[in-house]
Amino acid sequence: MIQIRNASKNFGATLAVDNISLDIRKGSLFGLLGPNGAGKSTLINLVCGLLPADSGSISFPDFGPNNQRAIKKSLGLVPQELAFYPNYTAMENVRFFASLYGLRGQALRRAADAALEFAGLTDSAKKPAKAFSGGMKRRLNIACGIVHDPQLIILDEPTVGIDPQSRNHILRSVEQLCRQGRTVIYTTHYMEEAETVCTDIAIMDKGKIIARGDKDELKLLIKDSTQVCFYFKRPEEVDLAAFRKINGVRHVQLDEQVLQVVSEVGISNLNELTAEINRQALLLSDIRSSSPSLETVFLTLTGRSLRD
């Protein structure tokens, strides 16, 4: 579906995309993960044609050479920022975006109805978008991006700041798109989403793809690591640097009331970790040891959490 060959993009002294080569298969749900500043948005803009690459190439073999018009008609972009008119109704918005792709008359009406049904907004079709909840706005954003029935859909952080019910609806909808044969590129700051829905994942950091595979293949990259999670009874101020000094510790991360510690396999440091917990007078509710998750893989490879 997409072939990226040695693509690079500079912004002054910043190399945002650094000699990336990547194939994205037709019909895959491709997760592009990386901390803030990794270069994900720049790479997406290169794929969409919104930015030119300074070197390398991006091609779409299914459409043949020099067929930019067909490529653009087959591409749907759902940006992280809401991209619709708040004073328009949901129906007026999707019809407007459908018209930009040349849909007219009955074809336009059918496409608009289908997009709103897909997004679960049929009953709210005549309401102005500004009256929608955050989750409904996100779903309308998706409806506007897919109303022209694109074959390649790019979803950039589609679940930011919404309620769990809307998030579940969007995730189910994304999986439905792939079952219908669409190719989806999905970026997210929620690692559990990628682990749930993505069939293929690339981890990007500092402009490079540093790992690629499905979730099980990625977990094999850190088979020499173990993870222990300390659950606190309340939010705590934690001196993370003290834990990083403990023998065998590779990475430490505090996520709300959970302290995650990744250590080398074969090094027994639980007593030292719990001693440090006691030294800092942290109140524990539970301790759990687990096999590496996709979050652990990401933390180990980049040294940062996905939301950093």
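- Under a cut-off of 6.0 angstrom, the local environment of CZ in F118 is crowded, with over 12 non-hydrogen atoms contributed by other residues, nucleotides or ligands.
- For the pair E276 and R279, the salt-bridge criterion is met [side-chain N within less than 4.0 Å of a carboxylate O].
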Donor-acceptor pairs under 3.5 angstrom involving side-chain atoms of residues 232-240: please list them, not counting sequence neighbours.
from, atom 1, to, atom 2, distance (Å)
E236, OE2, L283, N, 3.1
D239, OD1, A241, N, 3.3

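- When atom types are taken as modelled, the side chain of R182 and the backbone of I153 share no donor-acceptor pair closer than 3.5 angstrom.
- In terms of modelled atom types and a separation under 3.5 Å, the side chain of N45 and the main chain of S41 share a donor-acceptor contact.
- Under the 3.5 Å distance criterion, the side-chain polar atoms of R138 are matched with a main-chain donor or acceptor of Q80.
- With hydrogens and angles disregarded, no donor-acceptor distance shorter than 3.5 Å links the side chain of T183 to the backbone of L152.
- A donor-acceptor pair under 3.5 Å is formed between the side chain of S8 and the backbone N or O of N19.
- Judged by distance alone, with hydrogens and angles left aside, the side-chain atoms of D18 form no donor-acceptor pair with the main-chain N or O of K208 at under 3.5 Å.
- Without hydrogens or angle criteria, R167 side chain to T159 main chain gives a donor-acceptor distance under 3.5 Å.
- The local environment of CZ in R25 is sparse, with at most 12 non-hydrogen atoms from other residues, nucleotides or ligands closer than 6.0 Å.
- Here the options are L46, D54, L51, the test is side-chain contact (heavy atoms from CB on, under 4.5 Å), and the partner is V17; only L46 passes.
- Under a 3.5 Å cut-off, the side chain of T199 and the backbone N or O of S28 do not form any donor-acceptor pair.
- Within the 3.5 Å criterion, the main-chain N or O of G248 finds no donor-acceptor partner in the side chain of N269.
- The residue from V174, I154, I201 that alone fulfils the side-chain contact (heavy atoms from CB on, under 4.5 Å) condition with Y186 is V174.
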Side-chain donor-acceptor contacts of residues 94-108 below 3.5 Å, not counting sequence neighbours, with atom names and distances?
from, atom 1, to, atom 2, distance (Å)
S99, OG, F96, O, 2.5
R104, NH1, S99, O, 3.0
Q106, OE1, R109, NE, 3.4
Q106, OE1, R109, NH2, 3.0

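- At least one donor-acceptor pair under 3.5 Å links the side chain of E217 to the backbone N or O of D214.
- The pair K219-E195 counts as a salt bridge, with a side-chain nitrogen and a carboxylate oxygen less than 4.0 angstrom apart.
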